[in-house]
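Some notes on the structure that comes next.
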Amino acid sequence: MKPAAFEYHRARSVAGAVELLTELGDDAKVLAGGQSLVAMMNFRLARPEHLVDITHVTDDGALAGIERRGDALHVGALTTHHAVERADLGPDFRILSDAMAHVGHLPIRTRGTVGGSIAHADATAEWCLLAVLLDALIVAQGPAGRREIAAADFFHGPFWTALEPDEVIVEVVFPRPAPRTALVEYADRRGDFAIAAAVVDLDTDRVVLGGVGAVPVRLDTTTPDQAADGLDLRDEPGVSTHYRRGLVRTLVARARKEAGSR
Ligand SMILES: Cc1cc2nc3c(=O)[nH]c(=O)nc-3n(C[C@H](O)[C@H](O)[C@H](O)COP(=O)(O)OP(=O)(O)OC[C@H]3O[C@@H](n4cnc5c(N)ncnc54)[C@H](O)[C@@H]3O)c2cc1C
């Protein structure tokens, strides 16, 4: 299928993108890798009248690239999943590159971006789970300048975030090393979104679960039974509550074991 008609705008700077978004209002959407937005437009699940393409922004080095600053890792919003997958992030942040193998297929990873995943806010998306687990800060630029939003406050529901329509994510900051972490998930076919996913940090004794609610679910335990038993789940076609709870239990146990071996 083809998308409904829209007008294309190419931003050359972050400030220019923000200006366009402010001027065009709710009918405009940022276009990054297009791997979620264009698919939704083709299925007519999204019908923006204007697309503001930020992939040609050249004024701001922070938009693409990965930089270690002290304890923190700064990942530019336009950094692709594949760039992170290929980066040598050392033991402190290898969880980020390891997790990328789970994101769709290679062609998707070469175009899809970190900022796009976070803004899209799918509750099973690897970047969303990692951001919540590792207390990431989402840095957004709007008409009033830049602000930092804690990942814990960012995700409000499927495809619904704390971002204002005239804000652009410029980078995601992971503030501290996370050497004893692991992400494990299950999907029916390789490359599909996971039915359930668990990402564990043994140093903070936390797990974040995907596929069990409208947003990533953070729990202050890494004990598989405790994590699985307290979940408020619903039967879905092909995935019963019983099945998903068992899956979560297994995934948490595996993630814990893998994190422990780091
Ligand atoms: C077949 C298939 C399988 C996939 N499997 C997975 C998977 O297993 N795990 C996974 O996590 N993802 C998966 N994806 C999605 C993929 O990761 C996308 O790359 C990602 O969700 C969106 O990134 P994007 O750069 O393509 O954003 P786009 O599609 O361009 O945009 C997505 C949304 O984010 C907004 N947006 C984008 N960038 C910004 C920004 N900087 N500031 C503000 N708003 C912004 C857009 O307006 C839009 O609403 C899959 C996609 C496909 C097609």
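Since this is a predicted model, take the numbers as computed values, not measurements. Order of appearance sets the numbers: ligands from 1, and atoms from 1 within every ligand.
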Is any N or O atom of [X], backbone or side chain, closer than 3.5 Å to an N or O atom of ligand 1?
X	result
Gly104	yes
Ala32	yes
Gly33	yes
Gln35	yes
His102	yes
Val30	yes

Notebook entry, point to check: What do you reckon, is CZ of Arg254 surrounded by more than 12 foreign heavy atoms closer than 6.0 Å?
Noted result: no
Next item on the list: Please state whether the rings of Tyr186 and Tyr243 are parallel, tilted or perpendicular, taking 30° and 60° as the class boundaries.
Entry: perpendicular
Considering only heavy atoms of [X], which atoms of ligand 1 have at least one such atom less than 4.0 Å away?
X	answer
Thr113	19 (O), 23 (O), 24 (P), 25 (O)
Ala119	34 (O), 35 (C), 36 (N), 44 (N), 45 (C)
Gly112	19 (O), 25 (O), 26 (O)
Gly34	24 (P), 26 (O), 27 (O), 28 (P), 29 (O), 30 (O)
Ile54	41 (N)

To which protein heavy atom is [atom] closest, and what is the distance rounded to 0.1 Å?
atom	value
atom 21 (O) of ligand 1	Ser36 OG, 2.7 Å
atom 37 (C) of ligand 1	Gly116 CA, 3.4 Å
atom 52 (C) of ligand 1	Ile108 CD1, 3.5 Å
atom 9 (N) of ligand 1	Glu126 OE1, 2.7 Å
atom 31 (O) of ligand 1	Leu37 CB, 3.8 Å
atom 14 (N) of ligand 1	Phe193 CZ, 3.5 Å
atom 49 (O) of ligand 1	Lys29 NZ, 3.4 Å
atom 40 (C) of ligand 1	Ile169 N, 3.7 Å

Next item on the list: Output, in order, the C-alpha distance, side-chain angles, deciding distance and verdict of side chain to side chain contact (heavy atoms under 4.5 Å, CB included) for Asp92 and Arg68.
Entry: CA-CA 10 Å; Asp92 285 353; Arg68 182 84 189 243; 2.9 Å; yes
Notebook entry, point to check: Name the one of Phe155, Phe159, Phe154 that satisfies ring-ring contact (aromatic ring centres under 6.0 Å, His included) with His120?
Noted result: Phe159
Notebook entry, point to check: How would you list all residue pairs meeting salt bridge (Lys or Arg N to Asp or Glu O under 4.0 Å) that involve residues 72-91, not counting sequence neighbours?
Noted result: Glu85-Arg109
Notebook entry, point to check: Does the pair Lys29 and Met41 meet the rule for a side chain to side chain contact (heavy atoms under 4.5 Å, CB included), with working shown?
Noted result: CA-CA 11 Å; Lys29 278 272 185 200; Met41 288 170 68; over 6 Å; no
Item checked: Rounded distance [0.5 Å steps], CG in Leu21 versus CD in Glu164 -> 12.0 Å
Note to self: When you measure from the heavy atoms of His81 to every atom of ligand 1, does any distance fall below 4.0 Å?
What the structure shows: yes
Item checked: Residue pair Ile169 / Val30, side-chain heavy-atom distance below 4.5 Å -> no
Item checked: Test item: His81 and Glu126 side chains (from C-beta on) under 4.5 Å apart, heavy atoms -> no
Note to self: Arg176 and salt bridge (charged side-chain N to carboxylate O under 4.0 Å, His left out): which single residue from Asp203, Asp135, Asp71 fits?
What the structure shows: Asp135
Next item on the list: Classify the contact between Val103 and ligand 1 as side chain, backbone, both or neither, using a heavy-atom distance cut-off of under 4.0 Å.
Entry: both
Notebook entry, point to check: Under a 4.0 Å heavy-atom limit, does Asp122 contact ligand 1 with its side chain, its backbone, both, or neither?
Noted result: neither
Check: Taking the six-membered ring for Trp, are the ring centroids of His50 and Phe6 within less than 6.0 Å of each other?
Finding: no
Margin query: side chain to side chain contact (heavy atoms under 4.5 Å, CB included) for Thr80 and Thr110? Distances and angles first, verdict last.
Written below: CA-CA 6 Å; Thr80 62; Thr110 55; 5.8 Å; no
Checklist line | Polar side-chain atom of His156 near backbone of Asp153 as donor-acceptor pair, under 3.5 Å | finding: yes
